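Some notes on the structure that comes next.
For clarity, every value in this text was computed on a predicted model and none was experimentally measured.
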Amino acid sequence: MSTAELLKGAAELFPDEVVTQAHVRHFDLPFGAGRFALITLDNGFDHTKPTTFGPASLANLDTAVDQVEKEAAAGEIVGVGVTGKPFVFAVGADLKGVELVKEHKDALASGKGGHEVFKRLAALTVPTFAYYNGAAMGGGVEVGLHCEYRTVSKAIAAFSLPEVFLGLVPGWGGCTLLPNLIGADKAVSVIIENSLNQNKQLKGQQVFDLGIADALFEGADFLEQSLLWTAQVLKGDIAVERPAIDRGEAWDQAVAKGRFIADSKVHGAAPAAYRALDIIAAAKNGDLQQGYDAEDKALADLVMSGELRAGIYAFNLVQKRGKRPAGAPDKNLARPVTKVGVVGAGLMASQLALLFLRRLEVPVVLTDIDQERVDKGVGYVHAEIEKLLGKGRINQDKANRLKALVTGVLDKAEGFADADFIIEAVFEEIGVKQQVFAEVEAVAPAHAILATNTSSLSVSEMASKLKNPERVVGFHFFNPVAILPLLEIVRGEQTDDASLATAFAVAKKLKKTAVLVKDAPAFVVNRILTRFLGEIQNVIDEGTPVEVAEKAVTPLGLPMSPLVLLELVGPAIGLHVSETLNRAFPDRFTVSPNLAAVVKAGKRGFYVYDSGKPELDPEVAALLKQGDTVLTEEQVRERVLDAVAQEIGLMLDEGVVAEAQDIDLCLITGAGWPFHLGGITPYLDREGVSERVNGKQFLAPGVASVPA
């Protein structure tokens, strides 16, 4: 079957969501280098729709290769280049098409289709060049790897092979070509380590430094400079030299490093990283076709897996649902925010002040109970700005401007009289927060939004004693504020649409993923995590050894074990939230006496790290009082997952969020829950837990699974 026939058949099965064109233009290169063909990948100049490769798009590229192949054979051109539309090179496979694949043979065809087109580009009889002018991911990176030479723009902020992050492998040459270009160690960093580090992106300079690109040029005249460089290469004035690849022990060590990274991130629970590493290991012999065949097989197997469907589901949640929050009011109701007030000057409040300052670039004023605390809070913000300056992320003028915008006062009337948005981050006790809001309401303008960063308390109760409770809204951030994207926006019983719309508008400017949440105890993330951690604590209290309880949930591939997570949250905070939920739902949420003892003893967690790895603190072990009921890992896991499934079912029945998708979006962006799980509900559905506990699945067939 020809490449064209292969792609035509694939296009009939799963058509492209947006079709990419491949336009061929011709240039007479400078210095008399000759006539040159440039293929530009372009799906239109709407930058909200990045250039992707589905079967129809690959067919268009195949047609362009047909043309330049004939021109090269006729001696009409001296070389061929590939580039993208302004600011976008190409971001890889059309995931919408992948979602539609129902059979293994069709998945295999999709992998082969990309390989066949890219291999034709590599086989041209004239030198080939890739000009990475903008965002390049996945297949976009891989099409360039099939070229003989590559240039990259300094302006690129997003360059990656993100497939492992989603549950795939770089299946159009990435696993095979990249280690053969830059060595196994660097390739493992790009394919495995960066992917599993929340899909870390490379910038143009890093792409060049790694040796992926042969030349680096400024973004303003990138294509012009690339063509000048191309002419010099073709004339022989520039010789591109690449270091020899170490195919000895260093290659094996790199693969071993990759397996260690994968184990530490997914704990064997997701297959993609390991399949990619197998291909990289085999690529040591330099047999490209063997590597391509292995990529096709791995790609097809993974496309038909639940993990991949969950990964695509998670990707769509973050990229689509996260940017268009369900239930958000009309954005035209939002009021402008020209000044922000922060009640409190502790670490959390100071982090919030810094975030508002950097994103909104409006005056931010902190208050607290004494000048020392106020000065410390302002000092923290100033120090963080200095760090940004030192890293070159802002210039001196901007640093000076930002510092001038942040102030601290003791008098709320002085600080908040003209503030439009005031957020409190004080002690988590309802009486304290009610008092703070009463004081703020007395001095703030009538239009000002009063926001609370409470993690578990009732927003409605907090507002109940105010004259204007309709302007109170929950604005729950997750720590560390600068890193975790989630912002739970909580609508109190009397919160009006204008206040809510303003909260969502501010969240967007803060570049946060906002999810609308009903005013229910602990909202979403903390409620689920507390039920999850509570069951772990329960089985420990009843007699199961700590290490058994911890290892029980390893198959989920969570970013950290339950008790390490508790340490990150803080045992005292965990205890407080469990007490809050115990008061609301005493039949399901317990208060662990062992956790209470740990908090009373002032311990920061269950573990010590003297040996470099977590080990149960002997002082904590001495505090633990356990029963005599010992469960196996399987029994613990079943009990924990049943509890989580029950809680999610109840939350959906209560209308805490609009749909199960919002539960998953919250866990992914607020708790670092793995993409390969799709959050939690696809995993519960796939493992049969949802049916066992609730009598039905959370998601419809095909939403995060292979279509029926």
Side-chain angles (χ1 to χ4, degrees), residues 337 339-390 394 396 398-445 448-457 462 475-483 510 567-573 575-576 599-605:
V337 173
K339 183 178 180 180
V340 173
V342 180
V343 184
L347 180 57
M348 188 65 177
S350 300
Q351 289 184 71
L352 296 180
L354 178 66
L355 178 67
F356 279 93
L357 182 67
R358 289 195 63 203
R359 300 299 186 205
L360 272 61
E361 295 190 19
V362 299
V364 175
V365 58
L366 297 95
T367 67
D368 213 312
I369 58 174
D370 60 52
Q371 193 64 46
E372 182 180 354
R373 286 182 171 86
V374 170
D375 292 343
K376 186 176 180 180
V378 173
Y380 170 87
V381 176
H382 282 190
E384 292 300 309
I385 293 170
E386 283 295 325
K387 289 179 185 177
L388 294 171
L389 177 62
I394 58 175
Q396 187 65 61
K398 186 163 187 178
N400 293 341
R401 187 166 68 255
L402 291 176
K403 284 183 179 181
L405 286 171
V406 62
T407 56
V409 297
L410 291 176
D411 186 353
K412 293 184 179 65
E414 177 187 348
F416 298 159
D418 55 349
D420 306 302
F421 192 100
I422 302 166
I423 184 167
E424 68 77 22
V426 300
F427 184 67
E428 192 78 349
E429 199 280 316
I430 191 69
V432 173
K433 291 183 182 286
Q434 286 178 329
Q435 180 182 342
V436 163
F437 270 151
E439 293 171 357
V440 170
E441 185 182 47
V443 299
I449 304 301
L450 307 185
T452 171
N453 185 46
T454 182
S455 60
S456 61
L457 300 176
M462 215 175 292
F475 221 58
H476 181 213
F477 291 88
F478 290 79
N479 211 359
V481 171
I483 296 174
L510 294 176
E567 183 176 315
L568 179 66
V569 171
I573 294 174
L575 178 64
H576 169 75
V599 173
K600 184 177 180 181
K603 305 299 293 185
R604 299 181 63 181

Taking the side chain as everything from C-beta on, heavy atoms only, tell me whether [X] gets closer than 4.5 Å to [Y].
| X | Y | value |
| --- | --- | --- |
| Lys339 | Val362 | no |
| Leu354 | Ile385 | yes |
| Glu384 | Gln351 | no |
| Arg358 | Leu388 | yes |
| Thr454 | His476 | no |
| Val599 | His576 | no |

List the atom of [X], the atom of [Y], and the distance in Å for their closest heavy-atom pair.
| X | Y | result |
| --- | --- | --- |
| Ala419 | Ala448 | O-CB, 3.4 Å |
| Leu357 | Leu405 | CD1-CB, 3.5 Å |
| Val443 | Lys412 | CG2-O, 3.7 Å |
| Pro445 | Phe416 | CD-O, 3.3 Å |
| Val374 | Thr367 | CG2-C, 4.1 Å |
| Arg604 | Glu567 | O-CG, 3.4 Å |

Nearest 0.5 Å please: distance from the [atom1] atom of [X] over to the [atom2] atom of [Y].
| X | Y | atom1 | atom2 | value |
| --- | --- | --- | --- | --- |
| Leu457 | Lys433 | CG | NZ | 6.5 Å |
| Leu355 | Leu510 | CG | CG | 4.5 Å |
| Asp420 | Ile449 | CG | CD1 | 9.0 Å |

Suppose we screen for side chain to side chain donor-acceptor pair (under 3.5 Å). Which residues come up paired with Lys600, at least two apart in sequence or across chains? none
Not counting sequence neighbours, which residues clear side chain to side chain donor-acceptor pair (under 3.5 Å) with Ser350? List them please. none
Treating [X] as the side-chain partner and [Y] as the backbone partner, does any N or O pair qualify as donor plus acceptor under 3.5 Å?
| X | Y | value |
| --- | --- | --- |
| Glu428 | Ser455 | yes |
| Asp368 | Arg373 | no |
| Lys376 | Ala345 | no |

Sequence-distant partners of Ala601, side chain to side chain contact (heavy atoms under 4.5 Å, CB included), two or more places apart: Lys603, Leu623
Around Lys403, counting heavy atoms of other residues, nucleotides and ligands shown, do more than 12 lie under 6.0 Å from its NZ? yes
Looking at residues at least two apart in the chain, or sitting in another chain, which of them share a salt bridge (Lys or Arg N to Asp or Glu O under 4.0 Å) with Glu429? none
Among all residues two or more places apart in sequence or in another chain, which pass the ring-ring contact (aromatic ring centres under 6.0 Å, His included) test with Tyr380? none
Apply ring-ring contact (aromatic ring centres under 6.0 Å, His included) to Phe477 and list each qualifying residue two or more places apart in sequence or on a separate chain. Phe475
